Amino acid sequence: MDLFNAAFGENITFVRPPYFIISGFIGSPYMKYYYVFLFFLFVMSVLGNTAVMTVISLDHNLKTPKYVAVFNLAFVDLLGSCALVPKLLDIFLFNHYYVAYNDCLTFLFFCYTFLSMQSLNLVALSYDRLIAIMFPLHYHVKVTHKIMFSLITFFWILVIIAILFAVGFLTRLSFCKSLVINSYFCDHGQIYKLACNDNFPNSVLGTLLPVLFLWLPFSFIVSSYICIGCVLAKVATAQERAKTFKTCTAHLSLVVIYFIPIIITFTIGARIHPNARIINLSLTSVFPPMLNPIIYVLQTQEIKISLKKLLKIRRECKVIGK
């Protein structure tokens, strides 16, 4: 980050604290049980997403553009859970509330990167469903491996650059007052509000990032389903409509689970109790990564068939081994 600061002025001195203090829940003595619950969700998330990635990797029938996005979603969910939950448990279960300055910014970077990528992955899957239903005859031309890889790579680059800017601007802040972050992790919005010098660039980014990685993706997904609904309304029979819409149920479930809690929290804003805000956002960070693999295994026919095939091969191998 020194190079970032040098680009703006070499002789500027910033007051950087040795650490930040993560406050977590206020006045809740039994919250350790909640963190144990988060640990259970974390274990389920790691196992589930690892299983989905393994199934997609082993089955050649799943080497399609759609499952490139599904694999990336499982990969991001796995990394996101690993970035957040172990550190969160270390802070609150083992009372390590003091987080070093550089460690806090690193923690922030990875949490925001993976959380933002979850949103953009849902956009990629939405694009896949939109083209499959609106242009079924041109699907294999408009949704290729190259296009899907390019889309996902663009999303990764966009997210990393945006979050690097957010972290870079934080390093230009001086902290000479409170060092207590009223959140469960190193939250960008909570950190820049503690600064005692001009935090206007951080305030702009604090407004821009939710628009870029929450509202725009959500708007695109809603618009895509409006288009899908218009197409399905023209389908002759109710049975055909139901069959076509069934291919969207897994993705639609993920959208509801991911976006609705965050949107409710952002909409209510300051009116929500700090503890309720922390519970809502922490569950939003951990719950979808745990549920995503379950939803795809239960609602996606290709993965169910692939999983049954792999389990059958494993049983046959055991029989032969005996």
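Heavy-atom basis, side chains included; hydrogens, waters and symmetry copies ignored. It should be emphasised that the depicted structure is a prediction, and the values quoted were computed from it without experimental measurement.
- Hydrophobic clustering, with ILVMFWY side chains joined whenever heavy atoms are under 4.5 angstrom apart, groups Phe135 together with Ile226.
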Handout entry: disulfide bond (SG atoms under 2.5 Å apart) between Cys186 and Cys111, worked out
Key = CA-CA 9 Å; Cys186 294; Cys111 286; over 6 Å; no

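- Across all non-hydrogen atoms, the minimal contact from Thr284 to Pro289 is O-CD, 4.5 Å.
- Residues Arg172 and Asn202 have side chains not in contact (no heavy-atom distance under 4.5 Å, counting atoms from C-beta outward).
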Handout entry: Phe218 vs Ile263, side-chain contact (heavy atoms from CB on, under 4.5 Å): CA-CA, chis, key distance, verdict
Key = CA-CA 10 Å; Phe218 183 70; Ile263 288 174; 3.7 Å; yes

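- Hydrophobic clustering (ILVMFWY, side-chain heavy atoms < 4.5 Å, transitive): Val141 and Ile133 are in distinct clusters.
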Exercise for the section: Would you sort out whether Tyr112 and Asp187 count as a side chain to side chain donor-acceptor pair (under 3.5 Å), showing the intermediate values? Expected result: CA-CA 9 Å; Tyr112 269 81; Asp187 192 334; 2.7 Å; yes

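- Counting heavy atoms from C-beta outward, Phe245 and Leu252 have side chains that approach closer than 4.5 Å.
- Side chain of Ser203 to main chain of Asn199: no donor-acceptor pair is present (N/O by atom type, distance under 3.5 Å, no hydrogens or angles).
- Aromatic pair His145/Tyr67: centroids not less than 6.0 angstrom apart.
- At least one side-chain heavy atom of Leu170 sits less than 4.5 Å from a side-chain heavy atom of Leu173.
- Taking every heavy atom of both residues into account, Arg241 and Leu232 meet most closely at CD-O, 2.7 Å.
- Around the CZ atom of Phe110, the shell of radius 6.0 Å holds no more than 12 heavy atoms that belong to other residues, nucleotides or ligands.
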Problem - Step-by-step side-chain contact (heavy atoms from CB on, under 4.5 Å) determination, Phe42 to Leu89 - result: CA-CA 11 Å; Phe42 167 70; Leu89 296 178; 5.6 Å; no

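- If you check the side chains of Asn95 and Tyr97, you find a donor sitting under 3.5 Å from an acceptor.
- In the hydrophobic clustering of this structure, Val211 groups with Phe259; members are Ile, Leu, Val, Met, Phe, Trp, Tyr whose side-chain heavy atoms approach within less than 4.5 Å, directly or through other members.
- When each of Leu62, Val70, Thr50 is checked for a side chain to side chain contact (heavy atoms under 4.5 Å, CB included) with Val55, only Leu62 meets the rule.
- A 4.5 Å side-chain heavy-atom check between Leu194 and Ile181 finds at least one atom pair inside the cut-off.
- Between Asp77 and Val52 there is no side-chain heavy-atom pair separated by less than 4.5 Å.
- The aromatic ring centroids of Phe175 and Phe20 lie less than 6.0 Å from each other.
- For the disulfide (SG to SG under 2.5 Å) test, no residue two or more places apart in sequence or in another chain qualifies with Cys227.
- Taking 4.5 Å as the limit, every side-chain heavy atom of Leu78 sits out of range of all side-chain heavy atoms of Ser45.
- Of the options Phe39, Tyr184, Tyr35, a ring-ring contact (aromatic ring centres under 6.0 Å, His included) to Phe92 is made by Tyr35 and by none of the others.
- Met117 pairs in a side chain to side chain contact (heavy atoms under 4.5 Å, CB included) with only one of the listed residues (Leu122, Leu158, Val76), which is Val76.
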